[in-house]
Amino acid sequence: MVPPQQDHDLVYNLRLSSVGPGCVTGSDVVHDLSGLDLTMKLHYLKAVYFFSSHAVEGLTIMNMKEAMFYLLNDYYITCGRIKRSESSGRPYIKCNDCGIRFVEGVCDETVDEWLETDDDSKRNLLVYHRAMGPELSFSPLVYLQVTQFKCGGISLGLSWAHILGDAFSVSNFINNWGQHMAMVNVNSSPALAPRSLTNTAKPEAPSEPLSAKQVNHVRDLWVLANNCKMETFSFNLTTQHLLNLQAKIGSVSAFDSICALLWRAIAKVREGFEPQIVTVCRKDPCHDDNNVLGNNQIIRTIKASFLVGESDLNKLATLIANDQGQVYDERNRIEAAVEKDNGSTDYIVYGSNLTFVNLENAGLYELELNGEKPKLAYYSIQGVGDEGAVLILPLPHGSAAENEGEPRYLVNLTLPEGQVFKLKAELKRASLL
């Protein structure tokens, strides 16, 4: 009798190499990390893109690496390594061209079989991930895994140290790589134009941030120690789900409606310990340069002065959508809190409060291979604090985009393990699962 296949056997023959910039960056080039960057150092972003065999026809690993050589001339900071200032101990990035780690793997399933899974932990097999440290100067900031499926399709899995930039930076990075691959594939040389990727200093603010929480000092192993085991699960929302939801709520955005529903559902699950404050992260339209890395997303906190679990959905959605009242952009406060100790204290943002992240405008389906978009783009966060985090991602639309049964959004939740079962039951009562 053949024993059942274990999850860790699904992706095998892993081969690791390094890819760096095609041109030497220069000697003694450093990138100073802002307070916002340092606040994110215990968080990691994971992205997985699935492509059909037709999309990768004619593309080879060498094509991919060649395009990466050109891309990394612009994104040379991603090839650096973390060092510490001898005087203050503050981390910075030494741009020494050590490269990103390139990983190749094989899977005996098809892309379609993989997409049918509802096991979010299984997707981690497509993203080679190592936390930063304990030897920071030897830890790559980025891992890119290319997994080849038996159908001829591939997945591109990216593990990204959040200290480099937010999810919008990740999406821009991989979308630009796709553009370089298109040029490499037609035997033309992309233009090389290294850019300064420095962060803009933000003014100090006197108030302590509500959206960042100080945690125990981690020294040189950048891993968050949770008080409980965290679990990730995801589900799709269709056009009909959204129509039903917005009929109850009114004229607010889909994102605000989804946040209101989940905030109330999680409040009910927590039975007396409901979250009165949530954090909402969105794209900052003022930072729309596709070639600049940074933690530039808007980080707002929203406080409810009423019982969330018993509240009207319209009231919650209006509070989330409203830019006035008890709604604060926390970026200056976070920056000031970290700079107060010159970056020596450790903080988290995702999961310090229940955190909602809007990736609608992240350009997740702008990456193209041979003119084809991904069948699915999936993002998640490693290192979420005990309060949990929710990512709301768009799904690709086919020709039947107006079909009420077509999935429109992928909702990805990371919560304490003991709350997940109860939340699923709550979502089933709301006819969402």
Rounded to the nearest 0.5 Å, what separates atom [atom1] in [X] from atom [atom2] in [Y]?
X	Y	atom1	atom2	value
Asn73	Met68	CG	CE	12.0 Å
Ile320	Phe255	CD1	CZ	7.5 Å
Asp166	His43	CG	NE2	12.5 Å
Leu354	Leu413	CG	CG	8.5 Å
Leu115	Arg123	CG	CZ	7.5 Å

Atom of Ile82, atom of Pro91 and distance for their closest heavy-atom approach
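Here Ile82 and Pro91 meet closest at CG2-CB, 4.1 Å.
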
Please name the pair of heavy atoms, one in Ser234 and one in Tyr378, separated by the smallest distance, quoted to 0.1 Å.
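Closest heavy-atom pair between Ser234 and Tyr378: OG-CE1, 4.3 Å.
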
Does either side chain, that of [X] or that of [Y], offer a donor lying less than 3.5 Å from an acceptor on the other one?
X	Y	result
Tyr128	Arg130	yes
Thr414	Thr232	yes
Asn358	Glu360	yes
Gln276	Lys303	no
Thr60	Lys65	no
Thr117	Asp119	no
Ser253	Asp256	yes
Gln240	Asn244	yes
Asn226	Asp386	yes
Asn295	Asp37	yes
Ser18	Arg101	yes
Glu372	Ser52	yes
Gln419	Arg270	yes

Should the pair His129 and Tyr44 be assigned to parallel (<30°), tilted (30 to 60°) or perpendicular (>60°) ring geometry?
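If you compare the ring of His129 with that of Tyr44, the planes turn out perpendicular.
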
Checking ring-ring contact (aromatic ring centres under 6.0 Å, His included) for the pair Tyr350/His162: CA distance, chi angles, key distance, verdict?
CA-CA 11 Å; Tyr350 303 109; His162 208 311; 5.3 Å; yes

Report the C-alpha separation of Phe173 and Trp160 in whole Å, then their side-chain angles, then the decisive distance to 0.1 Å, and conclude whether the ring-ring contact (aromatic ring centres under 6.0 Å, His included) test is met.
CA-CA 11 Å; Phe173 174 85; Trp160 176 277; 5.2 Å; yes

Pairs of donor and acceptor atoms involving the side chains of residues 134-143, under 3.5 Å and at least two apart or interchain, shall be tabulated with distances.
| from | atom 1 | to | atom 2 | distance (Å) |
| --- | --- | --- | --- | --- |
| Ser139 | OG | Gly133 | N | 3.0 |
| Ser139 | OG | Glu135 | O | 3.2 |

Just wondering, more than 12 heavy atoms not from [X] lying within 6.0 Å of its [atom1]?
X	atom1	answer
Lys94	NZ	yes
Phe306	CZ	yes
Arg84	CZ	yes

Holding to salt bridge (charged side-chain N to carboxylate O under 4.0 Å, His left out), I want the full list of residues that pass it with Lys268, two or more places apart in sequence or in another chain.
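With neighbours one apart ignored, the set is Glu426.
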
Does Phe233 have Lys424 sitting over its ring (NZ/CZ under 6.0 Å from centre, angle to axis within 45°)?
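The answer is yes; both the distance and angle limits are met.
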
Is the positively charged end of Lys375 above the ring of Phe51, judged by distance under 6.0 angstrom from the centroid and angle within 45° of the axis?
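Not satisfied by the 6.0 Å and 45° rule.
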
Passes side chain to side chain donor-acceptor pair (under 3.5 Å), Ser380 versus Asn412? Steps please.
CA-CA 7 Å; Ser380 61; Asn412 182 6; 4.7 Å; no

Which residues share a ring pair (Phe, Tyr, Trp, His ring centres under 6.0 Å) with Phe168, sequence neighbours left out
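Phe168 satisfies ring pair (Phe, Tyr, Trp, His ring centres under 6.0 Å) with no residue once adjacent residues are dropped.
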
